[in-house]
Structures are given as C-alpha cells and as structure tokens.
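Numbers restart at 1 for each chain; the letters A, B, ... are given by sequence-line order, proteins then strands.
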Amino acid sequence: MPLDENIYELRRQKLKAIEALGQIAYRSKYEVTNAIPQILTDYSGKTAEQLENPRVNVRVAGRIMAIRLMGKAGFCHLQQSGQRLQIYVKKDAVGETGFELYKLLDLGDHIGVAGYLFRTRTGELTIHVDEITFLSKDLLPLPEKWHGLTDVELRYRQRYVDLVMNPEVREVFLKRSKLVQSLRRTMEAHGFVEVETPMMQPIAGGAVARPFVTHHNTLDMDLYLRIAPELYLKRLVVGGFDRVYEINRNFRNEGLGWRWNPEFTMLEYYQAYADFHDMMDLTQQLITQAAEDVTGGTKTKWGDQEIDWSNWQRLTMREAIIKFWPDSAGAKPEMSDFTSGDGIKKLVERFNRSHSQMAYDPGEPAGKTTASLFEAVAEEHLTQPTIIYEFPTAVSPLSKQKPDEPDWTERFEIYAGQMEIANGFSELNDPEDQRRRFEAQLKERERGDEEAHQMDEDYIRALSYGMPPAGGVGVGVDRLVMLLTDSHTIRDVILFPLLRPEKSSSSSENRSESQTDAEK
RNA sequence: GGGCGCGUAGCUCAAUUGGCAGAGCAACUGACUCUUAAUCAGUAGGUUGAAGGUUCGAUUCCUUCCGCGCUCACCA
C-alpha cells in the first residue's frame with residue numbers, strides 16, 4: 001500500500017505539471033473523427049502508398065496501454081473499445097511543449113491525438129501525431145502488462161480494471177448483450193409484449209426457493225424480493241395479455257456456486273391457448289436462434305466438449321432415468337417402478353448402493369424422490385440440448401396435471417452442459433386445484449421445507465376470474481450466456497457478482513482514522 | 001456449513017531439512033528521433049494476510065482468526 005500511495009502522489013504531481021503546460025486536467029469533451037475500431041476496419045487493408053495520397057487526417061482518443069520513449073520520439077498504443085492503435089510522437093512534429101507533455105504521460109492515461117495515418121518500417125498502421133490533448137489521468141498503476149490481472153478476487157472486485165486489461169472479458173459481456181437482444185427479437189417476432197412486474201412482493205411466489213426480506217417504512221410491512229415473476233405474469237394473462245414476457249432479475253437467498261448467484265436474470269414468457277408442447281417448440285427455437293445470433297453458428301465449445309444447438313433430444317423424466325441408469329446399479333428400471341412410492345424407494349436404494357449417497361428423506365412425497373433420483377442419475381449426462389418432460393406433481397405446484405396420469409404434470413425442463421437452463425409447463429388454471437396444491441405445499445412447509453410455496457389468496461382469486469389455457473416458460477439467461485461463451489462459472493457472466501464485503505482494514509479505515517485524529 | 005488448497009513488492013511469481021527475502025514487469029534517474037514484452041546503465045520499493053506459540057533463528061513448523069479459490073450438500 002505505501003508504494004501505491006507513492007505512485008498516486010507522484011502522478012498527482014505529474015498532473016500538476018501537465019496543467020502547467022497549458023492542458024486542462026479534467027476537460028469536458030474531445031471531438032474525434034474516428035473511433036479506433038473504425039480506423040482499424042477502414043485502413044488496415046491500405047498500403048503505405050495509399051495512406052500517403054491522399055493523406056488521411058484523424059483525431060482519435062484512447063487509453064495508453066503501452067508507452068515507449070526513445071530520447072526525442074516515442075510510441076504508444078491507445079486502446080478504445082478493447083482495440084489498440086499505435087501512435088508515433090516525434091519532438092519535431094509535436095513541438096517542445098507537446099513533447100514535454102508526452103514525457104509526463106503514464107500507462108493508463110487518456111489522451112486525444114490529431115495527426116495522419118502511416119505505416120511504420122515494420123508495417124504497423126500508426127498515427128503520426130501532430131498534436132496531443134490530455135484528457136484524463138490514471139492515478140493508480142494498471143496491472144503488469146504481460147501477465148495482466150489474473151487474481152480472481154481482484155477481477156471481480158475491480159471489474160473496471162479487469163475490463164481494461166482483459167479483452168476476452170469484454171467479449172463475454174458484448175455477447176451477453178447480443179443474447180438479450182436476440183431473446184427480445186424472437187419474443188417480439190412472436191407477438192409477445194414486454195412488461196415489468198413487481199420485484200418487491202408481499203408473498204414470494206412462483207418458484208420454490210428462500211427469499212430475501214426487506215421492509216417498507218411508511219406502510220410498515222415486510223416485503224420479499226421476488227424469486228420469480230410467474231404469478232404476476234399469469235395475472236396479466238387473466239387480464240387479457242395473451243402473450244407477455246419479462247427479462248429481469250430474480251433473487252434467491254441460497255448458496256453461491258459455479259451455477260448460482262443470489263441475483264440472476266430470467267426470461268419468462270406466457271402464451272394463452274398454448275400447452276407445454278407448444279412452449280417446448282418455441283423455446284427450442286428461441287435458444288437455437290440465440291446461439292446463432294451470439295456465436296454465428298450452431299456449435300459451441302463447452303470445455304473439452306462441443307454443444308450442437310441444432311440437434312435436440314426429448315425424453316420424459318422417466319425415460320431419462322432409465323436411459324442413464326448406471327450398469328453398476330443393476331437392471332434398468334421399468335416404467336412400472338415409478339407408479340408406487342415403494343418402487344421408487346427401491347430404485348433409490350439400488351442406486352445408492354452403487355453410488356455416492358443421494359440425499360433423500362423417506363417421509364417426503366414419492367414424486368419429490370423421483371425428481372431427486374432424476375438429477376442424481378441423469379443430469380451429469382445432459383451435455384447436448386435436451387428437453388426433459390413430464391415432472392412429478394409433487395414438485396410442480398403450478399403445473400397442469402397429465403389427464404391420464406395425475407401424479408405427473410405437463411412440465412418440461414431444458415438441459416445443456418449439465419445445467420438446467422429452462423423450465424416450462426402447461427399452466428394450472430383451475431383455482432380449486434391450485435388451492436389444493438398450495439395446501440399440499442403448506443404441509444411440506446410444516447414438515448420443515450422452508451422453500452415450499454406459500455398460499456397466495458390473491459392469485460387464486462385471479463384464477464377464479466378465469467385464466468385461459470396457457471403455457472409458460474422461464475429461461476436462465478446467465479446460464480445461457482455461460483454456455484454460449486464457454487464460461488464455467490456464473491461470476492464470469494455477471495459484471496458485478498456478489499462478493500463478501502471488502503475488508504476495510506487497510507486504506508479506507510486508515511483514512512477515516514486519520515480524519516478523526518485531525519478532527520480531535 | 002463440511003473437506004482440500006492458497007495468501008511473499010503495485011502486478012506475475014521465486015526462496016534447498018528451519019539459516020542474510022529475490023527476479024521480471026510497473027515506478028524513479030540518465031542515454032537513445034521507427035519502437036512494439038523496446039534496449040542499455042543505475043535507484044528505490046517488504047511488519048512475507050493478522051495474532052500467538054515452538055526455536056539460538058520462522059516466509060518455511062504448530063494453534064487461532066481473516067480473506068480467496070476449488071469441491072460437497074440446499075438451490076436455477
């Protein structure tokens with residue numbers, strides 16, 4: 001830290017010296033003729049002769065990422081929008097004062113330059129500078145130019161430095177932006193209307209998770225940050241918005257991990273008069289289109305594997321358990337094994353004998369066990385985009401049951417890269433059935449499941465006014481970004497992931513201490 | 001929360017069984033008007049995450065704490 005402050009102080013003095021040369025320390029604006037990426041696009045193909053006549057005069061701005069001084073001339077690389085262009089500064093060209101300014105520049109400073117394009121002896125496109133304008137000072141030293149910033153914690157805590165130093169990080173977030181654009185485009189093309197529903201809710205519903213709690217002072221009431229927008233979007237379907245969608249944050253007070261951040265982005269959409277098969281088709285199309293829009297193709301790298309977004313498979317949950325049943329756990333299950341709680345229990349016991357123990361509570365509903373068994377048996381095999389459909393009713397309090405098998409619902413999830421990335425179903429619109437499902441969830445809550453769904457009387461009232469048949473889907477945007485950018489932790493696709501608060505032991509605390517001392 | 005690992009200069013990393021805490025880059029001074037990880041000569045920069053213990057002596061061994069990473073469990 002002492003050295004840090006030395007450099008800071010030294011650079012402040014340089015800034016004063018720069019002002020003494022007639023520059024403004026923090027000026028308001030600088031008119032450029034070209035952005036650096038534009039120059040690279042337009043002139044990279046031109047020869048030295050083509051650049052000479054006619055001569056191309058430019059004004060550009062950027063951050064100094066490399067600087068080399070050789071007596072009375074020097075080179076810099078200016079970076080803008082993640083791309084770099086070299087400039088050549090010669091005392092003869094910029095004059096005495098201009099060169100004094102050049103000598104006061106540091107790595108990380110922002111400058112604007114005016115000059116003309118040429119090629120150096122080694123052929124690199126370069127600006128021959130006539131005039132330097134100082135734009136802004138970097139008072140803190142950037143990380144080492146060769147190794148850059150690799151410390152994971154610093155990268156997340158100081159994302160601004162990470163973005164300056166690591167162009168591939170910038171790329172990930174550009175792709176994230178493209179993905180969201182693509183999702184919106186597909187939704188709009190299908191006639192969906194974008195809406196915004198409450199982030200603060202009196203009852204945290206629409207999913208099975210623990211919420212964050214906050215408080216409104218004037219109304220003196222506790223509110224929950226939403227765990228899902230689902231119940232509000234379906235209220236809108238009741239109200240006559242036949243196709244609605246929302247892209248926004250959900251908050252779940254759960255653990256952190258490579259696939260989990262407490263706030264994450266979800267796309268949710270609801271379509272009246274559609275069932276879960278329609279939603280599977282739409283979602284498959286949405287994701288395939290997104291892969292193409294973001295990466296330009298349908299095949300993406302995922303670690304040492306490849307995901308082919310044009311090749312999907314569909315399996316029921318029961319089929320998936322049978323298909324991926326490990327040989328070591330004995331004969332594959334039969335469909336009839338899933339019909340009784342006893343049959344499922346036996347499957348779990350057989351599986352657990354050959355594998356690491358899968359957690360399960362004998363008192364829980366059989367459907368819950370089946371869903372856990374599916375995750376234990378199949379999830380790790382689901383690298384290619386796969387739609388798993390027909391989920392147990394016990395874990396699907398908002399889905400419509402299969403007409404012929406009431407223990408199973410018209411629900412699906414989409415898996416890729418061993419992650420669940422989407423969840424959709426034919427929406428339960430029978431208010432009395434919905435009340436019974438909520439009551440079953442309340443029993444689970446009494447059994448100690450803090451994540452079980454709460455009773456939402458207003459939602460039941462909304463259904464009682466009549467909701468048309470509808471299908472709905474939620475798509476995990478962060479996880480989709482991970483898959484499309486080969487990022488293996490969610491923190492790499494969220495600009496500012498949740499971290500523990502920074503320890504204030506060093507600089508900030510010292511400063512406040514010295515302030516109190518001064519006050520005394 | 002459990003298990004494993006890590007923490008040394010601003011950044012990236014060394015340091016023989018426990019024996020003088022080092023290098024490159026960044027910084028500073030000087031030389032250099034086509035360099036590009038510029039080069040050359042020199043200078044400065046450290047409470048080895050914190051506290052305690054063992055020892056003649058601790059970056060190294062032990063304990064506790066703090067922080068980070070990986071991983072397992074709950075969760076999308």
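Here the straight-line distance linking atom CZ of A/R479 with atom CD1 of A/I414 works out to 13.0 Å at 0.5 Å rounding. Remark: A/H453 NE2 to A/L398 CG distance equals 5.0 Å, nearest 0.5 Å.
B/rA76 and B/rG3 are spaced 25 Å apart, taking the C1' atom of each and rounding to whole Å. Rounded to whole Å, the separation between the P atoms of B/rU17 and B/rC32 comes to 49 Å. Nucleotides B/rG69 and B/rU12, compared at atom P, are 14 Å apart to the nearest Å. Using atom C1' as the reference point in both B/rA15 and B/rA58, the two lie 14 Å apart (nearest Å). A gap of 32 Å separates the P atoms of B/rC70 and B/rA27, to the nearest Å. Between B/rU54 and B/rA9, the distance separating the two C1' atoms is 29 Å to the nearest Å. Straight-line distance between the P atoms of B/rA14 and B/rC6: roughly 12 Å, to the nearest whole Å. When the C1' atom is compared between B/rA44 and B/rC34, the two are found 32 Å apart, to the nearest whole Å.
Put simply, CD1 on A/I67 is 8 Å from P on B/rA27, counting in whole angstrom units. Straight-line distance from the CH2 atom of A/W258 to the P atom of B/rC68: 21 Å, rounded to whole Å. Atom-to-atom, CZ of A/R84 to C1' of B/rU35 comes out at 15 Å; the value is rounded to the nearest Å. Put simply, NE2 on A/H77 is 12 Å from C1' on B/rC34, counting in whole angstrom units. In this structure, CZ of A/R11 is placed 8 Å from C1' of B/rA27, rounded to the nearest angstrom. Distance A/L117 CG to B/rC34 P: 20 Å, rounded to the nearest Å. When the P atom of B/rG10 is taken as reference, atom CE of A/M165 falls 16 Å away, rounded to whole Å. If you measure from atom CZ of A/R68 to atom P of B/rC32, you get 19 Å, rounded to the nearest angstrom.
Put simply, A/R119 has no side-chain N or O that comes within less than 4.0 Å of OP1 or OP2 on B/rC34. Side-chain nitrogen and oxygen atoms of A/K14 include at least one within less than 4.0 Å of the OP1 or OP2 phosphate oxygen of B/rC28.
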Would you list the protein and nucleotides 74-76 of chain B atom pairs, both N or O, that sit under 3.5 Å from each other?
| unit_1 | atom_1 | unit_2 | atom_2 | d |
| --- | --- | --- | --- | --- |
| B/rC74 | O2' | A/E451 | OE2 | 3.0 |
| B/rC75 | O2 | A/W260 | NE1 | 3.0 |
| B/rC75 | N3 | A/W260 | NE1 | 3.3 |
| B/rA76 | OP1 | A/V208 | O | 3.4 |
| B/rA76 | O3' | A/E420 | OE1 | 2.4 |
| B/rA76 | O3' | A/E420 | OE2 | 3.1 |
| B/rA76 | O3' | A/R479 | NH1 | 3.2 |
| B/rA76 | O2' | A/R479 | NH1 | 2.4 |
| B/rA76 | O2' | A/R479 | NH2 | 2.3 |
| B/rA76 | N6 | A/N261 | O | 2.4 |
| B/rA76 | N1 | A/N261 | O | 3.4 |

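Remark: A/E379 pairs with A/R259 by the salt bridge (Lys or Arg N to Asp or Glu O under 4.0 Å) rule, at least two apart or across chains.
Figure legend. B/rA58 is base-paired to no nucleotide; pairs are counted as Watson-Crick or G-U wobble with both atom distances under 3.5 Å. Base-pair partner of B/rC4: B/rG69 (Watson-Crick or G-U wobble, both distances under 3.5 Å). Nucleotide B/rU39 forms a pair with B/rA31, judged by Watson-Crick or G-U wobble geometry with both contacts under 3.5 Å. Shown here, B/rG24 forms a base pair with B/rC11; the pair counts as Watson-Crick or G-U wobble because both key distances fall under 3.5 Å. In this structure, B/rU48 makes no Watson-Crick or G-U wobble pair, since no nucleotide meets both defining distances under 3.5 angstrom.
The side chain of A/D106 sits closest to B/rA27 out of B/rG69, B/rA27, B/rC34.
Both cation-pi conditions hold for A/R411 and A/F391: the charged atom is under 6.0 angstrom from the six-membered ring centre and inside a 45 degree cone around its axis.
Residue-level contact check: A/Y156 touches neither bases nor backbone, having no heavy atom under 4.0 Å from any strand. At a threshold of 4.0 angstrom between heavy atoms, the contacts of A/K91 with the nucleic acid are absent. Across all strands, A/L69 comes closer than 4.0 Å to base atoms (heavy-atom distances). Among the protein residues, A/D92 comes within range of the nucleic acid bases, having at least one heavy atom under 4.0 Å from a base atom.
Checking each of A/E230, A/E268, A/R226 against A/T197 for a side-chain hydrogen bond (donor to acceptor under 3.5 Å, both in side chains) leaves exactly one that passes, namely A/R226.
No hydrogens or angles were tested; on distance alone, nothing pairs the side chain of A/E124 with the base of B/rU35 as donor and acceptor under 3.5 Å.
Between A/R12 and A/E9 there is a salt bridge, since at least one side-chain N of the basic residue sits less than 4.0 Å from a carboxylate O of the acidic one. The pair A/E349-A/K345 fails the salt-bridge criterion, with no side-chain N (NZ, NE, NH1 or NH2) lying under 4.0 Å from an Asp/Glu carboxylate O.
Comparing A/T126 and A/P143, the nucleotide of RNA chain B nearest to each residue sits closer to the 5' end for A/P143.
Here A/F75 and A/Y88 bring their ring centres to under 6.0 angstrom of each other. The ring of A/F118 has its center no closer than 6.0 angstrom to the ring center of A/Y43.
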